[in-house]
Amino acid sequence: MSTLAATARIHPMAVIEDGAVIGENVSVGPFCTIGAHVVLKDDVQVISHAVVTGRTEIGRGSKIFPMAVIGGTSQSLHEAGEGSTLTVGEGCTMREGVTINTGTVGGGGKTVVGNNCLLLANSHVAHDCILGDGIIMSNNVMLAGHVRVDDRAILGGGCAVHQFGRIGRHAFIGGLSAVSYDVIPYGMLNGNPGVLAGLNVVGMSRSGIERATIHRVRRAFKQIFEGEGNIRSNAAAIRDDYADCKEVMEILDFIAADSDRALSSPHRGKA
């Protein structure tokens, strides 16, 4: 039997499979299907014509719009992802036609979306992706498997991110961009192939970063990407100079971390 809180509102034309757990003040509209292993936390809204399936947990106050399919099996050709999970955080919005897949056993077994994320119409989050908090994915954004997107990144409409790619915190990806390589925190990438066009200065300012700090980050950016050495050696060489600037250190740590992809730069991808 399903577990339904007393205050849950389930439309008579919705299907709630045995085993589902429905929290307080949850609303499930007509022609929705809620699978047997789904947990809808308090105050979740599933408007209509949506499917929530798989071993999926939807966080408190999240909202799912029509034609979304949340928790579907991985599209990986290598495995069906039996027993893998999807966790969506609190206060997320999944607009019309959004698809989010569960993880795969070989990829860690879980897909995670953080809190207060906005996924606009027809955007896709593939298996084993890990998304932070406050991320905006515009219409038709496509994340391949194993992608990591850090807090408050913004992805413009129709952009596509290569599998295993990383997008750093506060990065901005322009519409229709092809993200083949990792994008540093605060980076701004545009084009197909994508080229690192500088820093997301507007986003940094809006987030409350002081002008003097932004100037330091811009100076570090030039030293990293315009220095005589390669990107990683340039980044390592300036670490001591910016030990007191957490924004620069965040970029340097991102560059130093192990990754399956190379780093986007102002030069990589140009003809």
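Just the heavy atoms: all of them, side chains too, but no hydrogens, waters or symmetry mates, feed the values below.
- Paired with Leu263 under the rule side-chain contact (heavy atoms from CB on, under 4.5 Å), one option of Asp182, Ile224, Val183 passes, and it is Asp182.
- The closest donor-acceptor contact from the side chain of Thr3 to the backbone of Val21 lies at 3.5 Å or more, if one exists at all.
- Residue Asp18 places its CG atom among more than 12 non-hydrogen atoms of other residues, nucleotides or ligands, all under 6.0 Å distant.
- At least one donor-acceptor pair under 3.5 Å links the side chain of Thr111 to the backbone N or O of Asn101.
- Counting non-hydrogen atoms of neighbouring residues, nucleotides and ligands closer than 6.0 angstrom, the CE atom of Met142 exceeds 12 such neighbours.
- Here CD1 of Ile209 is found 10.0 Å from CG of Leu199. Values are rounded to the nearest 0.5 Å.
- Arg216 is listed as a side-chain neighbour of Asp244, based on a closest heavy-atom distance under 4.5 Å.
- Within the 3.5 Å criterion, the main-chain N or O of Ala36 finds a donor-acceptor partner in the side chain of Glu17.
- Ring pair His127/His146 is perpendicular by interplanar angle, where above 60° counts as perpendicular and below 30° as parallel.
- Criterion: ILVMFWY side-chain heavy atoms under 4.5 Å apart, direct or through other members. Under it, Leu118 and Val113 are not part of a common hydrophobic cluster.
- Between the CG atom of Asn190 and the SG atom of Cys159 there is a distance of 10.0 Å, given to the nearest 0.5 Å.
- Considering every non-hydrogen atom in both Cys32 and Ser48, the closest pair reads SG-CA, 3.4 Å.
- Considering only heavy atoms from C-beta on, His124 comes within 4.5 Å of Gln75 through its side chain.
- You'll find the side chain of Met94 reaches within 4.5 Å of the side chain of Val88, heavy atoms only.
- Residues Gly89 and Cys92 approach most closely at O-SG, 3.8 Å, considering heavy atoms.
- In this structure, the separation between OG on Ser138 and CG on Asn122 is 12.5 Å, given to the nearest 0.5 Å.
- In the hydrophobic cluster analysis, where Ile, Leu, Val, Met, Phe, Trp and Tyr join through side-chain heavy atoms closer than 4.5 angstrom, Leu40 is grouped together with Ile16.
- Counting only distance, with no hydrogens or angles, the side chain of Ser123 and the backbone of Val141 share no donor-acceptor pair below 3.5 Å.
- Note that CG of Asp150 is 7.0 Å distant from CD1 of Ile135, once rounded to the nearest 0.5 Å.
- With hydrogens and angles left out, the side-chain atoms of Glu57 and Thr87 include no donor and acceptor closer than 3.5 Å.
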Show your reasoning for whether side-chain contact (heavy atoms from CB on, under 4.5 Å) applies to Leu119 and Ile100. CA-CA 10 Å; Leu119 280 61; Ile100 310 177; 3.8 Å; yes

Take Leu143 and Leu155, measure what side-chain contact (heavy atoms from CB on, under 4.5 Å) needs, and give me the verdict at the end. CA-CA 10 Å; Leu143 302 184; Leu155 286 71; 3.7 Å; yes

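- Residues Phe225 and His267 share a closest heavy-atom pair of O-NE2, 3.4 Å.
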Intermediate values then yes/no, side-chain contact (heavy atoms from CB on, under 4.5 Å), Arg239 and Asp253: CA-CA 9 Å; Arg239 178 173 287 272; Asp253 289 343; 3.0 Å; yes

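- Counting heavy atoms from C-beta outward, Asn116 and Asp133 have side chains that stay 4.5 Å or more apart.
- Taking every heavy atom of both residues into account, Arg261 and Phe164 meet most closely at CG-O, 3.5 Å.
- Hydrophobic clustering (ILVMFWY, side-chain heavy atoms < 4.5 Å, transitive): Leu131 and Phe65 are in distinct clusters.
- Side-chain atoms of Thr56 come within 3.5 Å of backbone atoms of Thr53 as a donor-acceptor pair (strictly under, hydrogens ignored).
- Considering every non-hydrogen atom in both Val201 and Ile214, the closest pair reads CG1-CG2, 4.0 Å.
- Here the side chain of Ser177 pairs no donor or acceptor atom with the backbone of Val179 at under 3.5 angstrom.
- Side chains of Lys63 and Arg95 form no contact here, defined as non-hydrogen atoms less than 4.5 Å apart.
- With hydrogens and angles left out, the side-chain atoms of Asn25 and Asp43 include a donor and acceptor closer than 3.5 Å.
- In the hydrophobic clustering of this structure, Met67 does not group with Leu120; members are Ile, Leu, Val, Met, Phe, Trp, Tyr whose side-chain heavy atoms approach within less than 4.5 Å, directly or through other members.
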Using atom types as modelled, flag every donor-acceptor pair under 3.5 Å from a side chain in residues 168-176 to any protein atom, sequence neighbours excluded.
{"residue": "Arg169", "atom": "NE", "partner": "Glu250", "partner atom": "OE2", "Å": "2.9"}
{"residue": "Arg169", "atom": "NH2", "partner": "Tyr186", "partner atom": "OH", "Å": "2.8"}
{"residue": "Arg169", "atom": "NH2", "partner": "Glu250", "partner atom": "OE1", "Å": "3.0"}

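- Phe221 has its side chain within reach of Ile184: a pair of non-hydrogen atoms, C-beta onward, lies under 4.5 Å apart.
- For Asp128 (side chain) and Thr104 (main-chain N/O), a donor-acceptor pair under 3.5 Å exists by modelled atom type.
- Residues Met188 and Phe254 do not share a hydrophobic cluster, defined by chaining ILVMFWY side chains whose heavy atoms lie under 4.5 Å apart.
- Ser76 places a side-chain N or O within donor-acceptor distance of the main-chain N or O of His78, the cut-off being under 3.5 Å.
- Across every non-hydrogen atom of Val217 and Cys245, the tightest pair is CG2-SG, 4.5 Å.
- Here the side chain of Asn234 pairs a donor or acceptor atom with the backbone of Gly229 at under 3.5 angstrom.
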Please determine whether side-chain contact (heavy atoms from CB on, under 4.5 Å) holds for the pair Ile255 and Arg232, giving the CA-CA distance in whole Å, both sets of side-chain angles, and the decisive distance to 0.1 Å. CA-CA 7 Å; Ile255 292 172; Arg232 294 185 186 276; 4.0 Å; yes

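- Partner of Val98 under the side-chain contact (heavy atoms from CB on, under 4.5 Å) criterion, chosen from Ile70, Asn139, Val125: Ile70.
- The shortest side-chain heavy-atom distance between Val149 and Val161 does not fall under the 4.5 Å cut-off.
- Taken from CD1 in Ile22 to CD1 in Ile34, the straight-line distance is 6.0 Å, to the nearest 0.5 Å.
- Using modelled atom types, no side-chain atom of Thr85 and backbone atom of Gly103 make a donor-acceptor pair closer than 3.5 Å.
- To the nearest 0.5 Å, the span separating OG1 on Thr73 from CZ on Arg55 amounts to 11.0 Å.
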